[in-house]
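Worksheet for the structure shown next.
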Amino acid sequence: MISYFDKYDGRPKVVIKIKGTRRAEKEITALFDTGHSGSLSLPINELIAIGAKFTGVGNASYADGRSGIDYLYTVKVKFDDIEKEVEASMIQNPQVTQAIAGVQLFTPYVALIDFKNSRLTIIKEEELTKTVKE
Amino acid sequence: MDNQPQIPQNVNIQEILRKGEEIYQQQLKSTLEPSKNGTYVVIEVDSEKHFLGATKDETVLEAKKEFPDKILFVRRIGETERIASYSPNFSSSPQRYD
């Protein structure tokens, strides 16, 4: 999986593929956000582009204290050899064009964040064990 | 041309939120909290049937097997879902990686 610290804005990001009801899948970059307790939040334009199906609603809160409605859309996500179906939250601000990946998306992966060297590595746990042993 | 993801016109979102939270508070909260805090409940509000699971994705997936075309109420048990920590003014940047 491609994971990195963006040299432009200094934020950790991952590259994933997403797919909705339309045939084509789309490759996107997503901000890697450990403060996001769900799997994925997608901008409106991405949900439209892949034809994501509206699935559910809930109440949600943001880090700045705001609360609102969480609109959920079914999206297939692919990275490495994994394909999983997730419920992506719609990012309701149309000015936000960056997807956000949360902690639930990457189970059973392990994330290694090297802040000193601005390096993000997301690997499977067995690879971590192998790396440690070597 | 629509510029919003489609939401079915016969779906009352506010009603689903109201009924879902009501069912949770009246029927489920006392038995689910605090032992199940952090896990998820999905409610189909018309039948009042609920589904439990460790993650939002797996719980919704399970509920959709029985209610594939219904709009579901999704709730994190014990606390409100935190869906992002970003600023609402955050915008994308070009890919910059080696």
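Chain letters run A, B, ... following the sequence lines, proteins first, then strands; residues in each count from 1.
Cluster annotation: A/Val86 is not connected to B/Val42 through the hydrophobic network of ILVMFWY side chains, with a link wherever side-chain heavy atoms come within less than 4.5 Å. When hydrophobic clusters are built by joining Ile, Leu, Val, Met, Phe, Trp and Tyr residues whose side-chain heavy atoms come closer than 4.5 Å, directly or via intermediates, B/Ile77 is not grouped with B/Leu72. Residues A/Ile69 and A/Leu40 share a hydrophobic cluster, clusters being chains of Ile/Leu/Val/Met/Phe/Trp/Tyr side chains in contact below 4.5 Å. Hydrophobic cluster membership differs between A/Val103 and A/Ile123, with clusters built from Ile, Leu, Val, Met, Phe, Trp and Tyr side chains linked at under 4.5 angstrom. Both A/Ile18 and A/Ile44 are part of a single hydrophobic cluster, where members link through side-chain heavy atoms under 4.5 Å apart.
With contacts defined as side-chain heavy-atom distances shorter than 4.5 Å, the pair B/Lys56/A/Asp70 qualifies. No side-chain heavy atom of A/Glu87 sits less than 4.5 Å from a side-chain heavy atom of B/Leu61. Side-chain atoms of A/Val57 and B/Val74, non-hydrogen and from C-beta on, never get closer than 4.5 Å to each other. B/Asp57 places none of its side-chain heavy atoms less than 4.5 Å from the side chain of A/Lys84.
Remark: B/Lys19 NZ is packed, more than 12 non-hydrogen atoms of other residues, nucleotides or ligands lying under 6.0 Å away. Within 6.0 Å of the NZ atom in B/Lys36, the count of heavy atoms belonging to other residues, nucleotides or ligands does not exceed 12. Under a cut-off of 6.0 angstrom, the local environment of NZ in A/Lys26 is crowded, with over 12 non-hydrogen atoms contributed by other residues, nucleotides or ligands.
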| said: One pair to check against side-chain contact (heavy atoms from CB on, under 4.5 Å): A/Thr55 and B/Ile71. What are the steps and the verdict? | reply: CA-CA 5 Å; A/Thr55 309; B/Ile71 304 303; 6.0 Å; no

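Using a 4.0 Å cut-off between a side-chain N of Lys or Arg and a carboxylate O of Asp or Glu, A/Lys53 and B/Asp69 qualify as a salt bridge.
If you measure heavy-atom distances from B/Glu21 to chain A, the contacts under 4.5 Å come from the side chain alone. If you measure heavy-atom distances from B/Tyr40 to chain A, the contacts under 4.5 Å come from the side chain alone.
Rounding to the nearest 0.5 Å gives a distance of 5.5 Å between CZ of B/Phe73 and CG of A/Asn59.
Residues B/Arg76 and A/Gln104 come closest through the heavy atom pair NH1-NE2, 4.4 Å.
Side-chain contact of B/Lys64 with A/Thr74: a donor-acceptor pair under 3.5 Å is present, judged by distance alone.
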